[in-house]
Amino acid sequence: MRKLLIILVIGCITAGAALAQTARPGDAGLGDPYFPLLGNGGYDVQHYTIDLTADVEDNTVLATVTIDAVATQALSAFNLDFLGFFVADVTVNGKRVVYERDGREMTLFLKEPLDEGEAFTTTVTYFGVPGEGVADPYDVFGLGWANYGDGVFVASEPAGAARWFPANDHPLDKATFTFRITVPEEYVVAANGLLRETRAARGGMMTYVWETEYPMATYLATVNIGDFVRQEDEGPDGLPIRNYFPAQLAQRGTRVFENQPRMLALFSDLFGPYPFEAYGAVVVDTPLGFALETQTLSLFGREVLSVFSFGRDPQSVIAHELAHQWFGNSVSPASWQDIWLNEGFATYAQALWIEHERGAEALADYMRGLYAYISSPALQDPRIAAPGSPPPEALFNPSVYQRGGWTLHALRLRVGDEAFFEILPTYYQRFAYGNATTEDFIAVAEEVSGEDLDEFFRAWLYETEVPPVPEMGLPPVIEDEELEQAG
Ligand code: ARG
Ligand code: ZN
């Protein structure tokens, strides 16, 4: 009897040890060919809670980030992407863990391994000046959390999220977010999703609680702190629109952004229903020189409120960032090499807005101008010409945008309007709230059109030389009545 018990006990110990042995560290990356260290393997984040107090004057933050995740393998250790700051405390399931930092990788060593499929909670408490002392090999723009003196914005595409919070920093791992941001009471905070609560905090501070209903890629998370005025509007089907403008520029802002509901109606009609719980723009009181499609709340610099932002009509960039909510945010690139699936689509959406507003001739003129541009020596530079394989250090080069956009127009001329306007919503709906590759898009285009398009896409996306324009007449206008029926 006693012998049997001993054997049983030993058996259990060995079985336990055997189980534990299968636990191994999660990978330091998610296999992105352009940025192998972006994201981490072995777990899937469900939710981030970012509890953060910001001192705008000193440009410091104090934060606790809580990450709810599920292990996708038995884990003995795992990584977070995180750069800079002083780390005060790291826990997993409420217990302090040993960790190590090396560049953008932070490795957490688990005393008790996690089983595959096990849900677990990690917290990281940290403070400091965002970006201070940070040397990041993947730094394309050096942004992330940016303090411009009178306020803060956050713009992180492609790799800046890890510069302000610990994350699984790759669009393959989307999660929902809660932001609890505490600021001196003279400021207003605008972040992604819906504002759930504002409450007074100690010492003349205010806490703004924002929450996203839908999963979001880490680079699309944004927090904006400024003297904003909130302006409300309504999109199709009662979609809440909330815009945040600098107090002094609010009237101008209201006018410049007044077309958003009509743009929403057009794109919902062409691509599929708007994917998220709300939309709006935040305009920060500093010149940015770019805009970013931060989910549900696109980010613009104050130049968008001058007559010619970026040397062109601000309506174009407003349409562009809105279109990214479908292409980029709901359907996200599976790897950063696929960035033309974001920028080419958003650029062509600008053309669709022009066509809708000003007709087929205006579209043809616009596309002719772009064709001349993409055919210029500067854009046929072999280093950047092919939009399907941009250099990692020049992901956002003009060929990705303009030739990427022209690729869609060429597809439309090649397969005809009927097939083209079925390809867009079919692709969108198939990959909504997920990720897609260029191959996925080509497969949908071939399936819907019934044509073999490998050679067509190879020439447009992967060759230096710009292909000739497919032979077709001028495309017809999208009628307003059709839109109203759909809206
Ligand atoms: N996705 C952005 C756009 O809509 C581009 C962001 C480029 N970032 C930058 N810091 N310039 O075009
Ligand atoms: Zn864009």
Side-chain angles (χ1 to χ4, degrees), residues 34-35 38 130-131 136 138-148 152-164 169-171 192 216-222 224 257 260 263 267 271 279-284 286-304 309-333 335-354 370 384 387 390-408 436:
Y34 274 31
F35 305 109
L38 278 198
D136 181 8
Y138 294 163
D139 179 18
V140 180
F141 298 111
L143 292 178
W145 181 279
N147 185 312
Y148 52 93
V152 167
F153 66 86
V154 171
S156 302
E157 190 181 23
R163 299 166 68 96
W164 73 282
D169 195 8
H170 192 282
N192 313 85
M216 166 166 91
T218 48
Y219 76 92
L220 296 168
T222 193
N224 300 275
F257 284 85
Q260 285 183 142
M263 292 175 179
F267 296 156
F271 309 149
Y279 188 61
V282 57
V283 177
V284 294
T286 189
L288 283 188
F290 67 92
L292 185 64
E293 63 270 23
T294 32
Q295 193 158 305
T296 73
L297 185 73
S298 292
L299 168 68
F300 300 84
R302 71 170 170 228
E303 70 274 14
V304 75
S309 66
F310 311 102
R312 56 174 199 260
D313 182 358
Q315 299 311 310
S316 269
V317 71
I318 293 168
H320 180 109
E321 304 314 330
L322 174 60
H324 272 311
Q325 305 301 316
W326 285 262
F327 300 113
N329 300 5
S330 176
V331 180
S332 302
S335 104
W336 284 109
Q337 185 182 333
D338 297 315
I339 188 65
W340 86 278
L341 293 176
N342 289 15
E343 301 307 345
F345 281 60
T347 300
Y348 195 57
Q350 297 172 216
L352 294 172
W353 173 249
I354 289 173
L370 276 190
I384 60 154
E393 69 284 0
L395 271 191
F396 300 94
N397 79 68
S399 195
V400 167
Y401 286 73
Q402 316 305 350
R403 183 162 158 183
W406 235 104
T407 301
L408 292 178

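Quick note: residue numbers are just sequence positions, from 1. As the structure lists them, so they are numbered: ligands from 1, and atoms in each ligand from 1.
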Taking the Zn ion (ligand 2) as the center, what protein N, O or S atoms are found at less than 2.8 Å?
-> His320 NE2, His324 NE2, Glu343 OE1
Could you grab the distance from atom CH2 of Trp340 to atom OG1 of Thr347, nearest 0.5 Å is fine?
-> 11.0 Å
Has the side chain of Ser330 got a donor or acceptor atom that lies under 3.5 Å from a matching backbone atom of Gln325?
-> no
Identity and separation of the nearest protein heavy atom to atom 6 (C) of ligand 1 = Glu157 OE1, 3.6 Å
Checking heavy atoms under 4.0 Å, the part of Ala346 that sits near ligand 1 is neither
Who's the nearest protein heavy-atom neighbour of atom 8 (N) of ligand 1, and how far?
-> Phe141 CE1, 3.2 Å
Side-chain (Gln350) to main-chain (Val317) donor-acceptor, under 3.5 angstrom | no
Worked check of side chain to side chain contact (heavy atoms under 4.5 Å, CB included) between Phe153 and Leu292 | CA-CA 11 Å; Phe153 66 86; Leu292 185 64; over 6 Å; no
Ring-ring centroid check Phe396 Phe141, cutoff 6.0 Å = yes
Nearest protein heavy atom with distance in Å, relative to atom 5 (C) of ligand 1 = Tyr401 OH, 3.2 Å
Verify side chain to side chain contact (heavy atoms under 4.5 Å, CB included) between His320 and Ser298, making sure each step is shown before the conclusion.
-> CA-CA 10 Å; His320 180 109; Ser298 292; over 6 Å; no
Establish, yes or no, whether a centroid distance under 6.0 Å links the rings of Phe257 and Phe300.
-> yes
For Thr296 and Asn192, what are the C-alpha separation, side-chain angles and deciding distance, and is it a side-chain hydrogen bond (donor to acceptor under 3.5 Å, both in side chains)?
-> CA-CA 6 Å; Thr296 73; Asn192 313 85; 4.7 Å; no
State the atoms of ligand 1, each with its element, that fall below the 4.0 Å cut-off from a heavy-atom position in His320.
-> 3 (C), 4 (O), 12 (O)
For Glu293, the atoms of ligand 1 under 4.0 Å from one of its heavy atoms are 1 (N), 2 (C), 3 (C), 4 (O)
Using non-hydrogen atoms of the residue, decide whether Ala291 is closer than 4.0 angstrom to ligand 1.
-> yes
Walk me through it: do Val304 and Val283 pass the test side chain to side chain contact (heavy atoms under 4.5 Å, CB included)?
-> CA-CA 8 Å; Val304 75; Val283 177; 4.0 Å; yes
